[in-house]
Amino acid sequence: QDKEKLEIRKLNDPPSAETVRDMIKYARNVIEEFRRAKHYKYILCFTLTPLACELLEICELSLDKMGAVFEDSNVYMLHMMYQAMGVCLYVQDWEGALRYGQKIIRPYSKHYPSYSLNVASMWLKLGRLYMALENRIAGVKALKRAIAIMEVAHGKDHPYISEIKKELEDH
């Protein structure tokens, strides 16, 4: 699956091998920069709102730059989208988090095994976001997809599954 995970945009004028190598190097550097900034600022800041804006800006700028070469399903793009989703969740920007989650779920479902808890976790986040945004139909559908995966991974009697089913009943 490496070719799918490192998918390049299909352009009339495909990028050179050197351009792709440079973009991979850039992606690795920006991911490391993001990790350092997140760690450094978490230690030093009492309030993370300015940090969140800064981190989201890093994500968005890098996604724009990488998006010129990489498909959205590329692992570097997915990593930055996941980070951006996390920042949106932190600042309670539910619409922003949902937008990133919707872009992430299809490639996750393709890259990870059928019963991956990474995919289940993303469906769970999406389900809760839909519910928070009062889109009950989409929320129920996403939560049921998460449950279906988790029942295979954890077993049908796992307490976490019961908790999610209760959430469904309460909505």
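Side-chain atoms of Ser62 come within 3.5 Å of backbone N or O of Cys59 as a donor-acceptor pair. A donor-acceptor distance shorter than 3.5 angstrom exists from the side chain of Ser109 to the backbone of Ile105, with no hydrogens or angles considered.
A salt bridge links Asp72 to Arg9: one of the charged nitrogens lies within less than 4.0 Å of a carboxylate oxygen.
With a 4.5 Å cut-off on side-chain heavy atoms, Lys65 and Met23 count as touching. Contact check for Ile24 versus Phe70: side-chain heavy atoms found under the 4.5 Å cut-off.
Between Ile104 and Pro107, the closest heavy-atom pair is O-CD, 3.1 Å. Shortest non-hydrogen contact noted between Pro14 and Asn12 is CD-O, 3.4 Å. Residues Leu126 and Gln102 approach most closely at CD2-N, 3.8 Å, considering heavy atoms. For the pair Glu95 and Leu133, the tightest heavy-atom approach, listed with the atom from each and the gap, is OE2-CD2, 3.5 Å. The two residues Met131 and Arg136 make their nearest non-hydrogen contact at SD-CA, 3.9 Å. Across all non-hydrogen atoms, the minimal contact from Ala120 to Ile149 is CB-CG2, 3.6 Å.
At a threshold of 4.5 Å between side-chain heavy atoms, the hydrophobic network of Ile, Leu, Val, Met, Phe, Trp and Tyr places Met81 and Leu124 in two separate groups. By the rule that hydrophobic residues join a cluster once side-chain heavy atoms approach within less than 4.5 Å of another member, Leu6 and Tyr26 end up as members of one cluster. Hydrophobic clustering (side-chain heavy atoms under 4.5 Å, transitive across Ile, Leu, Val, Met, Phe, Trp, Tyr) groups Leu78 together with Leu89. Tracing side-chain contacts under 4.5 Å through hydrophobic residues (I, L, V, M, F, W, Y), one never reaches Val140 starting from Val119; they form parts of separate clusters.
Atom CG of Leu63 sits about 5.0 Å away from atom CE of Met77, to the nearest 0.5 Å. Rounded to the nearest 0.5 angstrom, Leu56 CG and Phe34 CZ are separated by 8.5 Å. Separation of atoms CD1 (Ile147) and OH (Tyr160) is listed at 10.5 Å; rounding is to 0.5 Å. Rounding to the nearest 0.5 Å gives a distance of 9.5 Å between CE of Met150 and CG of Leu143.
Among the candidates Lys5, Arg106, Glu7, the single residue satisfying the side-chain hydrogen bond (donor to acceptor under 3.5 Å, both in side chains) test with Ser73 is Glu7.
For Asp64, the CG atom is densely surrounded, since the number of other residues' heavy atoms within 6.0 Å is greater than 12. Heavy-atom contacts from other residues, nucleotides or ligands closer than 6.0 Å to CD of Glu18 number 12 or fewer. Atom CG of Leu11 sits in a crowded spot, with more than 12 heavy atoms from other residues, nucleotides or ligands closer than 6.0 Å.
Checking Tyr115 against Glu151 by side-chain atom types alone, no donor-acceptor pair falls below 3.5 Å.
Tyr108 pairs by the ring pair (Phe, Tyr, Trp, His ring centres under 6.0 Å) definition with Tyr112, not counting sequence neighbours.
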